[in-house]
Structure formats: structure tokens, C-alpha cells
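Right, one structure below, let's go through it.
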There are 2 protein chains.
Amino acid sequence: MEKQTITIYDVAREAGVSMATVSRVVNGNPNVKPDTRQKVNEVIERLDYHPNAVARGLASKKSTTIGVILPDITNPFFASLARGIDDIAEMYKYNIILENSDENVNRKLEVFENLLTKQVDGVIYMGNVIDDRLREAFKNSRTPVVFAGSIDDKQALPSVSIDYKMATEESVDKLIKDGNKHIAFVSGSIEEPVNGKYRLEGYKKALKKGDITYNKKLVFETDYNYDSGVMLASDIAASDATAAFVGNDSLAAGLLNGLQDLDVKVPEEFEIISSNNTEITKMMRPQLSSVGQPMYDTGAVAMRLLTKLMNNEEIEERNIVLPFDMVFRQSTK
Amino acid sequence: MEKQTITIYDVAREAGVSMATVSRVVNGNPNVKPDTRQKVNEVIERLDYHPNAVARGLASKKSTTIGVILPDITNPFFASLARGIDDIAEMYKYNIILENSDENVNRKLEVFENLLTKQVDGVIYMGNVIDDRLREAFKNSRTPVVFAGSIDDKQALPSVSIDYKMATEESVDKLIKDGNKHIAFVSGSIEEPVNGKYRLEGYKKALKKGDITYNKKLVFETDYNYDSGVMLASDIAASDATAAFVGNDSLAAGLLNGLQDLDVKVPEEFEIISSNNTEITKMMRPQLSSVGQPMYDTGAVAMRLLTKLMNNEEIEERNIVLPFDMVFRQSTK
DNA sequence: CTGTTAGCGCTTTCAC
DNA sequence: GTGAAAGCGCTAACAG
């Protein structure tokens, strides 16, 4: 049925030139006489020749493939980032190998090894947790790694993200301005730098500006999902909080619904500001106010940065901070 | 900093054996004396040797990589399928190259070519649209392709999905049993087999059983997203429909909110049954009733099927139909 | 059980 | 502008 694999050698023979010349035209090398080029192209067409990327990768030591490590592709936040990455990758002719890490450190190490084994030209890392072993592995490999939507708190590696501290600060500013004196901070584990280091600091800074003393009891750590939010609602309703900054949309959605099920009126009795402005913020009733984070762009910019790193181009800024905005909807006054 | 790439040859020399032997121990070939094996493993450890998957791929003609073509990874339905695929792929030591097609036929052809170029061992295809050129390309390649969560209406290619016709039929049965005489059918383009061929047929069959005449005006085609649902709400409210079967959760969510914004009470005045039972069905108020589709499992089973195909194992059934269930929540009586 | 020997299909000096 | 030849790092007969 299907004919034998046809190789560069077949094309060379048919066109009466050498493999080197075929290789040149395939790769757009200018040092080929137009006549020759055309002749070769005709044969390529006629034989329906397709270069073998694996052989090419072995010879050139470039795979035109990059690895993408993320916690879970079903999380809309990471899916959006991945989409941004993929679109730019496509533009630069790179393919993407996807790896779900479930934020498991050992798994990340394995996965990274595996990616190196596959000779990826670069990797984009997403995830809120990063430990020293992984950081070491990243640094020791000569494969460039960039962080997307995540920050290495040691700032040792290139990254693209928003200013989480300031975004949180502005959110809490707004909540204070609305008259709230007791504001909950809801997030995933504060072991994660994005929460414990950046967001929490922004939260504290806003409190200080508002002359409100920080109360540890108003810091709620849980998982990033809807059901956790629902379950958290009773705890929060039982506290004296009248507003919350929430670090994740699914979590915020759960909290909102949970609170309403307990007959707490939002925003009249309780205000909520969420963090990622994914589509579900619009689906909720009342609609959730949120920090607006350019997820797609974060992925896109990270990929663009990676291409520069892979080509050893000059980099102006290794730690890129993208602008965010505040989207006020119905869950705030 | 980083030492030279160390190869199988280095290991062989250091261990005083041949490359072939090293290759054997690396690949777990049993024909190696335990002593030798251990000696080689020690050297591998000491030299921190990592096999080069590209070279291996060239020599063995296997890349241990598969391609996954889907419309858009930010669509939760496809993201869940992708997760199922990835988990099983990992189990069988395959990696996944992700390709977003945006349901664009030309792009799909390109992307598929590219995947073949990269020598993937198999491909999983998701998408509701498939035209003859693509089907031909799939069949002509000797790379196995399986459909996941989608059906090739010609049934020519292996696939894994639920029985969309029956799921729709059962949904509409329920709506009829609740007393509705005018039931809208809302989906994406009925050019897509899943809608025009399977779901619509199930819809018609249920109507016939309920002695309701099919009314073309109650068939609404639109895009698979929240805003389209919102916009559709006024049209549907203006029709005489008192219930709707909707082929997509985001769309159903938009319709639900749109209807409520028009003061239509759900489910008292209007019932809705959606299709994918993604998490947003639970987030909506009232919560959406939905066909429960095993998305993760569909991906997982498709990947398992692909592994069999790649190994030329016997296949009992090429077109696997997974069970679905009906999840009744608050958008139905 | 182990070693030898060809390649896999392509890129890349280095000559001419 | 073009060709010859040497690998890239590994697998897979084939001997022995």
C-alpha cells in the first residue's frame, strides 16, 4: 500500500545531485543555484519526500521540541498558559511535549530527566512549588528553562509572571476602602512562594496601610478546587471576616456558593475578590470580581523568551513582569 | 561546568564490555549475566549516563512518542480527555506531543504531517469535524490513529466514545416525561456528525416516541461557548420551547444565565439538560442536569487501545462505546 | 551470554 | 555552488 520510506538519498539520486545539496534546499540554505533548487524541489514533490525529524535531530543535535511541565492540564489557568505557549511555539516551528506533574517533586524530577533524554531544546516550567533538587537540576542542565506564571523566589531562573504582591495589595486595598475591617486571605498552601511570599505580603502591606492588625486566624490554606471552597464556607462564615481575597477561581466559586447556601448575601454581607479571571468568574451569580491576569500572554511571552534563550540571543530582562488589571463585578460593592 | 555528553560507548569502554552489552542492560534484555549487568550499571551510575532517545529512535524506528490532536486545550472537555490520555501514556512510557487544531481542516492536515515527520508511533485524534482529506491521510499513514470522544461517522477508524444518540434520546425522554411539548435542541453546527447525525437522531427518536412532531425551528446551532449561550437565550425565550437539550456545558451555562436574566425561572418554566457534566455544571445556580460522560476514561481507554495498535496486538473491538449516565440536578424538575 | 558490524536518515565540515 | 565523507548515539542482526 504505502511505499517504502523515501529518504534524502532517494531524492538526491533522482535529482542527480548529492545528499548535501538536497539537505541545503530542504533547509533553505541560500548557497544553491536556483536551477538546482527547482529541480530538487520537483523531485521532492514527485516523490512526496518528508524529512525525518528524528534523524535530523540526531545529526544536528536539535529536536525543535520543547518540554512543558505543569501541575495539571485540566486546571483552566494552566491550560490557558499552555495555549499561549503552543501558539508561539508553532510560530517558531517548535513542538510541545506535555508533562503533568501533579505538583509532585519526585515526579517533576523524573519528568525533567525524561525531557532531557528526549533532547528537548528547552523547557517551560509552571508550578507553584519548586524545591532545591529541582532548581539544581534546572541549573545544571544546559537546556534553558523558563518559569511561566510562577516565580522562582530565588529569582535564579528566567520567568514571566505578574506582580502577585501588588495585585493582592490592590485587591485588599479595595476591600478595605469598602469598609471591611476583617478580611480573610484564602489560598493554597502558604508554603508555596506565590502565596506565602508574594500574595501574603501584599495582603499584609495593605492591612498595614489601612491600620488593620494582621490576624493569623484569617489566613485559610486549602486546596485549589471548588469543593474545598464550598467546605471552607462554614469556617469563614463562623469567623468575623466580612470579605475575602481568594487565590484561585474555582476555590472562590466554591466559597461564593457555599456562603450563599448559608444565606450569606454577597456582596452585601460579604465581598470576594478572586485571582485569575477565568471564564467561571463570569458564570457565577453574582459574578466574581477578580484580579485580571494575562494568562495566555504569560505563556506566549514565556515561549518567546525561551526561543531567545535557545538561540543564545541577548536577553534584556530575564524576569519579565506583565501588567495585571482589576476586574470589578458583582461580588464587590 | 557540565561534562561532555557521555555515550553508550564511554560506558562500554569503562566497563570493559561492548556497546551491545550496555544496550542490553539499558533495555532490560535478560540475556546478560548478572555480574556483567551489575558492573555495567555501576559504570552507568558513576558516569551519570543517560541514553539519548533521539539516537535510539533513529536506530529502532520507534520514538515512544505519540501525537494528540485536539481542537483547543482550554476547552475543559478536551483537557480532561488529554489528562486521561497522558496518564495512561505515562504508564506505558510514551510521551505526548500536543497540537491544537482549532477545528481547522488545513491546520489538522499540517499538524498531522508534522507529527509523522517527528516519527510519532501513534496519534489520538479529537474533534468533531473530519473531512475526507484528513480521513485519507489517516488511513494512508501506517501510523495508527484512534479517535477519542469523537466518532468517525464512517466508522472506518478505531474510536472510543459514548453512545451520543442514546444519551440524547434519554435526555429528551426525561424532558417529555416532565410534560414538555416543545423542546429545543441546542448544539454546535449540525454539520458535525456528533450533532447532526447522532444527537439529532436521538432527539428525533425521543420525540417520535412521545408523539411530538419534529419542528426544525427548535433546532438551534451556535458556537460552543458561554457567550453564545447568553445571546441565544432571547431567541429561545421567544420560541415556544419550555425545555432544551444542550450539547455543551459552557453553552448550557450561558443559556441558563441568559434565561434567568430574562426572568425565566429554571426549572419551573424552563428545563435544561446539558451534555458533558464538567465541573461548571455544579457551579451554576440552579445546578445543571447533564449527561454524564466519562471524559477521563475515554482518553485513558483510547490511549490503551492505541498501545495495542502500536504493538500489533489483537483488538477485540475497534469502536469502543463507553457507558454514560444521567445526572439530574436542579435544572430539571 | 557477549562482541562485531552495519546501518537508521540526516547535517556538516572540508575540499574542489 | 556542489560533492564526498565522516559522524550523531544507538539498535539489531549475526556470529560465536
Side-chain angles (χ1 to χ4, degrees), chain A residues 3-41 43-44 47-65 93 113-114 116-121 142, chain B residues 3-41 43-44 47-65 93 114 116-121 142-143:
Chain A
K3 43 226 166 281
Q4 304 283 354
T5 316
I6 93 109
T7 75
I8 200 172
Y9 177 76
D10 300 315
V11 177
R13 183 170 29 72
E14 285 288 311
V17 299
S18 72
M19 294 167 51
T21 299
V22 178
S23 175
R24 287 190 188 98
V25 347
V26 168
N27 293 295
N29 184 316
N31 294 349
V32 181
K33 216 194 313 177
D35 287 10
T36 322
R37 181 183 303 281
Q38 188 183 343
K39 190 173 52 181
V40 171
N41 276 135
V43 176
I44 287 179
L47 264 40
D48 192 31
Y49 165 71
H50 292 277
N52 177 324
V54 173
R56 181 182 287 191
L58 182 58
S60 68
K61 295 173 165 304
K62 290 205 183 81
S63 61
T64 60
T65 300
K93 308 287 181 203
E113 275 308 335
N114 175 241
L116 295 183
T117 279
K118 294 252 166 157
Q119 312 300 121
V120 295
D121 299 331
R142 56 210 132 177
Chain B
K3 43 229 167 277
Q4 306 282 355
T5 316
I6 94 108
T7 76
I8 200 172
Y9 177 76
D10 300 315
V11 177
R13 183 170 30 72
E14 285 288 311
V17 299
S18 72
M19 295 166 49
T21 300
V22 178
S23 175
R24 287 189 189 98
V25 346
V26 168
N27 292 295
N29 183 316
N31 294 348
V32 182
K33 213 195 314 178
D35 287 11
T36 322
R37 180 183 303 280
Q38 189 184 341
K39 190 172 53 180
V40 171
N41 277 135
V43 176
I44 286 179
L47 264 39
D48 192 31
Y49 165 72
H50 293 277
N52 177 325
V54 174
R56 179 183 289 187
L58 182 58
S60 68
K61 295 173 164 306
K62 290 206 185 82
S63 61
T64 60
T65 300
K93 307 289 181 202
N114 176 242
L116 295 184
T117 279
K118 293 252 165 156
Q119 314 299 120
V120 295
D121 299 330
R142 56 214 128 170
T143 305

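Values below: every heavy atom of this structure, side chains too, minus hydrogens, waters and symmetry copies. Letters A, B, ... are given to chains in the order of the sequence lines, protein chains preceding strands, and every chain is numbered from 1.
Two end axes, each from the C1' atoms of five base pairs, can be drawn for the helix from C:dC1-D:dG16 to C:dC16-D:dG1; they diverge by 30°, to 10 degrees.
Atom CG in A:Leu58 sits 5.5 Å away from atom CG in B:Leu58 (nearest 0.5 Å). A distance of 5.0 Å separates NZ of B:Lys61 from OG1 of A:Thr5, quoted to the nearest 0.5 Å. To the nearest 0.5 Å, the span separating CD on B:Gln119 from OG1 on B:Thr64 amounts to 12.5 Å. A distance of 11.5 Å separates CD1 in A:Ile44 from CG in A:Asp10, rounded to the nearest 0.5 Å.
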I would like to know whether A:Asp48 and A:Ile6 meet side chain to side chain contact (heavy atoms under 4.5 Å, CB included); could you show each step before the answer?
-> CA-CA 8 Å; A:Asp48 192 31; A:Ile6 93 109; over 6 Å; no
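What you find for B:His50 and A:Thr117 is that their closest heavy atoms are CB-OG1, 4.5 Å. Nearest heavy atoms, B:Thr7 versus B:Tyr49: C-CE1, 3.6 Å.
Partners of A:Lys33 according to the side chain to side chain contact (heavy atoms under 4.5 Å, CB included) rule, which considers only residues two or more places apart in sequence or in another chain, are A:Thr36. Every side chain to side chain contact (heavy atoms under 4.5 Å, CB included) that B:Arg37 has, sequence neighbours left out, goes to B:Val25, B:Val32, B:Asn41.
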Would you tabulate the pairs of protein nitrogen or oxygen atoms and nucleotide nitrogen or oxygen atoms of nucleotides 7-11 of chain D closer than 3.5 angstrom?
| from | atom 1 | to | atom 2 | distance (Å) |
| --- | --- | --- | --- | --- |
| D:dC8 | O3' | A:Lys61 | NZ | 3.2 |
| D:dC8 | O2 | A:Ala59 | N | 3.2 |
| D:dG9 | OP1 | A:Lys61 | NZ | 2.9 |
| D:dG9 | N2 | B:Ala55 | O | 3.3 |
| D:dC10 | OP1 | B:Tyr49 | OH | 2.5 |
| D:dC10 | OP1 | B:Asn52 | N | 3.1 |
| D:dC10 | OP2 | B:Ile8 | N | 2.4 |
| D:dT11 | OP1 | B:Asn27 | ND2 | 3.2 |
| D:dT11 | OP1 | B:Arg56 | NE | 2.8 |
| D:dT11 | OP2 | B:Ser23 | OG | 2.8 |

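Interface limits on DNA chain C: the 5'-most and 3'-most nucleotides within less than 4.0 Å of chain B heavy atoms are C:dC1 to C:dG9.
Donor-acceptor pairing under 3.5 Å is recorded for the side chains of A:Lys118 and B:Thr65.
In this structure, B:Lys39 places its NZ atom where more than 12 heavy-atom neighbours from other residues, nucleotides or ligands lie under 6.0 Å away.
Within residues 33-41 of chain A, no residue has any heavy atom under 4.0 Å from DNA chain C.
Partner of A:Ser23 under the side-chain contact (heavy atoms from CB on, under 4.5 Å) criterion, out of A:Val40, A:Ile8, A:Asn29: A:Ile8 alone.
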